[in-house]
Amino acid sequence: MAINRRTFGIGASGVLLGSIAAPFIGRAGAAGPTIRVGVVNSMSGGLAAYAQEGQPAFEYIIKKINAEGGIKSKGGAQIELVMADDTSQPARTAAEARRLITEEKVQLLTGTILSAQMLALTPVLDELKMPTLSVWAGGARSDYMFTLGYPYDRGYAQTINDFIVALRDEHKFKIKTAVMGYSNYEAGQQVNKFLTEKLKASGVEIIGEAALDIRAQDQTSAMVRIRSLKPDVVAGLVTPRDGILLHQARYNLNYHDSLFCGGTGGYTDLSLWKDLGPEVGKAVLTKNLFGMTGFSPGAKVDSMQKIIAELRDIAKLDRIGQGAIQYAQAARVLQQVLENAASLQSDDLLKAFRSVNIPFGDPNLYVAKPKGLQFAEDRLLKDGSAMFVQWTPEQDQQVVFPKEFAQVPPRPRA
């Protein structure tokens, strides 16, 4: 497999790519048919944690596909990745995508593409009619974009609501009131809208909001508001950066009265302990906090356990969290799309995306989807559900919801 890439910024992203990229660059002159796939990742900037963890897993699976015969329905064509770094800036996402499509002549596009980037990218995709797979976006405004991200409604909002209801009704937690605590950007706002409606319909009284300013250097003011309202539960979508600041504020204020139930990175990212430090992490992550995630090392999903072992023991990846699993899944979806497409023309690729089907129990289903992986008419996942976990003092995660994946019941309220 050949990789063409623009020069990435120095620092962590460059170090990370060094060990994984070398084997691929060596194939740059390989003979035979190739399928060029553009990859716009946020290898630097504020969103870099997603891509820095995920890209090595993505490249490993693509290399494996190529080594096992490539895309067999296309004469064994090898997948060639053409890389770009958007530096976590939506405007640059659009610019890099346009370059990959018009200059590099890629036939498919994929990459980090979170919600803000998805919005910036939509006009480019609509104009150039480029089939695209987003690894993370919670919505798909373009008819040419499909996404593996959690849908705002049936993904994030439904899962968080269902877990809170299960805590109340099945595990007898006292939950009558809620404060909506969420990162104040496109995805956080959309999830908040749907989650507020669902919690109200479930009989939970919404007594206030604590919107987290994504530009803030401290979330103490939000935490003070939560403390003054004293809700039974704080719920919402929180980014990794906002989560770190929120947990630090909770520690500094020594506030543990409310349950904190949210997703995803700000509650479950494996880097939280490192960023918070063991003292703060143990004080806040293991007490009255539950996090939504699509991946956990202890989940009772056989195919997930096998890909974890493979990425650890064969690919030798240092970080295997939700990002790595999500990207590995993206590689398998692209493989099925390319195998099933009648041709590499845009219309045929779109038809192949719509027919993607990786059923539960399939060895290539790496994410916890009890109903398997298929795209709905809105190009989002039909089964948008996720899991909830709790942290242990040993910095491990235990799955507590849903029942089919749970290892242990939720920890009693502190």
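For reference, positions follow the sequence shown, starting with 1. Every value quoted in this text rests on a predicted model; they were computed, and no experiment measured them.
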Please check: side-chain N/O of [X] versus main-chain N/O of [Y], any donor-acceptor pairing under 3.5 Å?
X	Y	result
T132	M130	yes
K74	A341	yes
Q398	Q390	no
R141	L121	no
N41	T112	yes
R98	V124	no
E80	T34	no
S142	L125	no
R332	P363	no
T147	L380	no

Closest non-hydrogen atom pair between [X] and [Y], with its separation:
X	Y	value
Q305	A299	NE2-O, 3.0 Å
V337	A352	O-CB, 3.4 Å
L349	P131	CB-CG, 3.9 Å
I226	S258	CG2-OG, 4.5 Å
A187	S115	CB-OG, 3.5 Å
S183	V238	OG-CA, 3.4 Å

Using 0.5 Å steps for rounding, measure from the [atom1] atom of [X] to the [atom2] atom of [Y].
X	Y	atom1	atom2	value
I325	S296	CD1	OG	10.5 Å
Y150	T159	OH	OG1	8.0 Å
L199	I160	CG	CD1	8.5 Å
D348	N340	CG	CG	11.5 Å
I79	E59	CD1	CD	12.5 Å
L167	I175	CG	CD1	4.5 Å

Evaluate whether atom NZ of K72 has more than 12 neighbouring non-hydrogen atoms of other residues, nucleotides or ligands under 6.0 angstrom away.
->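 Counting other residues, nucleotides and ligands, NZ of K72 exceeds 12 neighbours.
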
[X] versus [Y]: any side-chain heavy-atom pair under 4.5 Å?
X	Y	result
M118	S134	no
W136	Q326	yes
S385	P402	no
V204	R168	yes
L245	D218	no

Quick one: which residue pairs count as a salt bridge (charged side-chain N to carboxylate O under 4.0 Å, His left out) with a foot in residues 300-310, not counting sequence neighbours?
-> K64-E310, D302-K306

Test log, rule side-chain contact (heavy atoms from CB on, under 4.5 Å), inputs M292 and T268 = CA-CA 7 Å; M292 173 184 157; T268 60; 5.7 Å; no

Among D383, D378, D162, whose salt bridge (Lys or Arg N to Asp or Glu O under 4.0 Å) with R154 holds?
->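 Testing each of D383, D378, D162 against R154, the sole residue satisfying salt bridge (Lys or Arg N to Asp or Glu O under 4.0 Å) is D378.
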
Would you call [X] and [Y] a salt bridge, using N to O less than 4.0 angstrom?
X	Y	result
D153	K193	no
E96	R99	yes
R379	D143	yes

With sequence neighbours left out, the residues meeting side chain to side chain donor-acceptor pair (under 3.5 Å) with Q374 are N357

Is there a side chain to side chain donor-acceptor pair (under 3.5 Å) between N364 and Q336 once you walk through the steps?
-> CA-CA 10 Å; N364 288 336; Q336 187 172 115; over 6 Å; no

Name of the residue among Y267, F163, F401 meeting side-chain contact (heavy atoms from CB on, under 4.5 Å) with C261 = F163

Would you check, one step at a time, whether the test side chain to side chain donor-acceptor pair (under 3.5 Å) holds for S42 with Q117?
-> CA-CA 10 Å; S42 301; Q117 296 156 308; 2.9 Å; yes

Would Y182 and E209 count as a side chain to side chain donor-acceptor pair (under 3.5 Å) if you check the C-alpha gap in whole Å, the side-chain angles of each, and the deciding distance to 0.1 Å?
-> CA-CA 8 Å; Y182 61 95; E209 283 194 356; 3.0 Å; yes

The complete set of ring pair (Phe, Tyr, Trp, His ring centres under 6.0 Å) pairs with one or both residues in residues 353-387, sequence neighbours excluded, reads F146-F353, F146-F375

